[in-house]
Amino acid sequence: MAFSNADAAAGFDEIADLLEVRGGHAFRARTYRNAARVLGGLGREVGDMLATGEPLEALPGIGADLAGKIAEIAATGTCELLAQLRREIDPGVRELLRLPAVGPRRAQLLYRELGVKSLEQLRMAAEDGRVRKLRGFSIALERRLLQAVKASLKRDRRHPLATVLPVAQALADELGRVPGVRRVLAAGSVRRMRETVGDLDLLVEAPPGTGVMEHFALSPQVTEVLARGSTRSSVLLAGGLQVDLRVVRPASFGSASLYFTGSKAHNIALRRLALDAGLKLNEYGLDRGKRRIAGATEESVYAALGLAYIEPELREDRGEIEAARSGRLPSLVRLADLRGDLHVRTRGSDGTQTLREMALAARRHGLAYVAIADRSKRPGMASGLDAERLARQIDEIDALGETLDGVTLLKGVEVDILEDGSLDMPDAILRRLDLVVGSVHQGFALSRAKQTARLQRAMDHPYFSILGHATGRLIGKRDPIDLDIEAVIHHAKARGSFIELDAQPLRLDIDDRACRIAKQEGVLVSIASDAHGPHDFDFLRLGIGQARRGWLEPADILNTRPIEEVRALLARTMGRFAPSSKEKTPWTASSSSAIRTPA
DNA sequence: GCCGTTTTCGGCCCGACTGTTTTCAGTCG
């Protein structure tokens, strides 16, 4: 049975929820919550640690007891404590905790007093007027819960980063025009470039009494004001996005930026560090006793805590604080470091522009080279290249001249990795290219072992440069394929292949965690726009965000390198062990059989 | 349940907002 960190993390999160609802175990619950977070953010599999006998107690927040429970979950899929809690409290009660204004206390009351253990039962109880009679409840709260139940049934909790960024920009611009406002910062997970965003957090620097709260609440996009105070307000936008606004004075802008940027885990770690040093950190500043020693800038707070400045994308309590203390923080890659893009499309498949137009669009985005990698055609697909059309495109690029008005074109293709790991394009044509991107576009449901082997076999192909969007996920729409990503990246290292970070807004594939594994393994990452049109090069910004979250530096990226170096690196992936005419590898046979000749 | 330059017990991040148990618990970020 496949066991992953996520399984143990999910178990611990459920234990924490149920302990909170049961009551009287606040700190114990927090321990499980913390352990779940540690497991979720770990750059390696605890299953491997168990297999090699490495002590799990070495992990932060994991002691002997939790180590035992992880082993128990790995072996049996659950643990005795969880089973016992599930017998005591219906697991459905957890649903209630997801509602705004419902925490452990209220969930417990609803469950114990009214027997409510699902959203549907809460709806009925609220409509019957039974909820308002509970201690600490009211008619107003009952009404609010009823609304929340109805809304939660049709609303996604998290929004893709790409859809929130423009909203954040528009709101920030609007608030920036309010008289008295000096600065607006989109903080929170948007600033940390998390792939999805729960709430949008805006921080405004303004003296008291500027009327910015009134302006905010009356903004045309706002459909509901959830809370409104003098320094803090929350509203709901038409699209269902919650926006929290905080107003602070200049002297506190740095500490408030830290607080509002998060992550929560990072903040807790910083505050703990402050406590250890006899200091107190909150959103107003860093204090020693009654004396303020830092707060106007984030740098001042970090410095006073003995830390180098930590970039927002790193603030997840995944080792960045230790790195900042010992001067080992990475110098993160920036958008301007990218010199090329190794995966763009044209009208040759499902793109909208010609070769020349895409090349020039790339140049306008400051890129010096661009690889054309149209999709190969598989049965039932309307557009896509077969061998014949790919051959024509190669001739076309040659005729156009590889260097076109200061931008170099590379010849590539994005082939399908078929279920047996073979590629759907004959070697005879692949060998004429500068690079081959191989990706999974069907067969998403294979087992973990089969998917892993499939991708590893694809990388064994003599013409295979870059593994495209490895997990195939579409954020919020399609789950990633079940995959041992560590094993795949390890194999890429052994084969000399590269891994793509496809920067399409819903892909962002590989994700930040896998980026970090690639860095540890020493596998270069290709940050690719997968552009279908001239404006899609803007997606690179999203890819850079994920790469930074994965601790990547310019040297960890394939396409930060000059064209000569990239050519040389790619050349090594092309025709690595091309078979002689006598010894046919299975791949020759397999890819031949996979060729779909046009009717 | 974890953890340790105030250590093996007694802490565990900190403050705003809401509603009402009118002095603070519950929730949230």
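All values derive from a computational prediction rather than experimental measurement. Within every chain, numbering begins at 1; the chains are lettered A, B, ... in the order of the sequence lines, protein sequences first and strands thereafter. Excluded from the calculations below are hydrogen atoms, water molecules and symmetry mates; all remaining heavy atoms, backbone and side chain alike, are included.
Rounded to whole angstrom, the span from the CG atom of A:Asp287 across to the P atom of B:dC13 amounts to 18 Å. Computed from coordinates, the A:Glu57 CD to B:dG1 C1' distance equals 13 Å when rounded to whole Å. Between the CG atom of A:Asp276 and the P atom of B:dC3 there is a distance of 14 Å, given to the nearest Å. A:Leu273 has its CG atom 13 Å from the P atom of B:dC13, to the nearest Å. For the pair A:His266 NE2 and B:dC14 P, the interatomic distance rounds to 16 Å; values are reported in whole Å. Computed from coordinates, the A:Asp317 CG to B:dC2 P distance equals 17 Å when rounded to whole Å. Straight-line distance from the CG atom of A:Asn34 to the P atom of B:dG11: 20 Å, rounded to whole Å. In this structure, A:Asn282 atom CG and B:dG15 atom C1' are separated by 7 Å, rounded to whole Å.
Look at the C1' atom in both B:dT22 and B:dG29: the space between them is 27 Å, to the nearest Å. Separating the C1' atom of B:dT23 from that of B:dC17 is a span of 15 Å, rounded to the nearest Å. With both ends at atom C1', the span from B:dA16 to B:dG11 equals 25 Å, rounded to whole Å. B:dC12 and B:dT6 have their P atoms separated by 15 Å, with the value rounded to a whole Å. Of the C1' atoms belonging to B:dC13 and B:dC3, the separation is 16 Å, rounded to the nearest Å. Nucleotides B:dT5 and B:dG1 are separated by 24 Å at their C1' atoms, to the nearest Å. Using atom C1' as the reference point in both B:dC9 and B:dC14, the two lie 24 Å apart (nearest Å).
Atom CZ of A:Arg249 sits in a sparse spot, with 12 or fewer heavy atoms from other residues, nucleotides or ligands closer than 6.0 Å.
Contacts of A:Ala64 with the nucleic acid, taken as non-hydrogen atoms under 4.0 Å apart, involve only primed sugar atoms and P, OP1 or OP2. Using a 4.0 Å heavy-atom cutoff across all strands shown, A:Ser230 reaches sugar-phosphate atoms only and no base atom. Residue A:Leu275 is classed as a sugar-phosphate contact, given heavy-atom separations below 4.0 Å to backbone atoms only. A:Leu270 comes within contact range of no nucleotide atom at all, as no heavy-atom separation falls under 4.0 Å.
Partners of A:Tyr32 under the ring pair (Phe, Tyr, Trp, His ring centres under 6.0 Å) rule, at least two apart in sequence or in another chain, are A:Phe12. Residues satisfying the ring pair (Phe, Tyr, Trp, His ring centres under 6.0 Å) test with A:Tyr309, not counting sequence neighbours, are A:Tyr302.
Mapping A:Met213 and A:Arg28 onto DNA chain B by nearest heavy atom places A:Arg28 at the nucleotide closer to the 5' end. The residue among A:Pro60 and A:Arg272 whose nearest nucleotide of DNA chain B lies closer to the 5′ end is A:Pro60.
Side chain of A:Gln108 to main chain of A:Pro104: no donor-acceptor pair is present (N/O by atom type, distance under 3.5 Å, no hydrogens or angles). A side-chain donor-acceptor contact under 3.5 Å links A:Glu72 to the backbone of A:Glu80.
Sorted by first and then second residue, the ring pair (Phe, Tyr, Trp, His ring centres under 6.0 Å) pairs with a member in residues 180-214 of chain A form an empty list; sequence neighbours excluded. Each ring pair (Phe, Tyr, Trp, His ring centres under 6.0 Å) pair with one or both residues in residues 89-131 of chain A, not counting sequence neighbours, would appear here, but there are none. For the salt bridge (charged side-chain N to carboxylate O under 4.0 Å, His left out) condition, the pairs that include at least one residue of residues 264-277 of chain A, sequence neighbours left out, are A:Arg271-A:Glu283.
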Nucleotide-resolved protein contact map, nucleotides 21-29 of chain B, B/S/- at heavy-atom distance under 4.0 Å: B----SSSB
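B:dT18 and B:dA25 make up a base pair, with Watson-Crick or G-U wobble contacts both under 3.5 Å.
Residue A:Asn267 has no polar side-chain atom (N or O) positioned under 4.0 Å from OP1 or OP2 of B:dC13. Residue A:Tyr284 places at least one side-chain N or O under 4.0 Å from the OP1 or OP2 atom of B:dA16.
Distances were taken from every side-chain heavy atom of A:Arg246 (C-beta onward) to each of B:dA16, B:dC13, B:dG1; the shortest belongs to B:dA16.
Between A:Glu322 and A:Arg328 there is no salt bridge, since none of the side-chain N atoms of the basic residue sits less than 4.0 Å from a carboxylate O of the acidic one.
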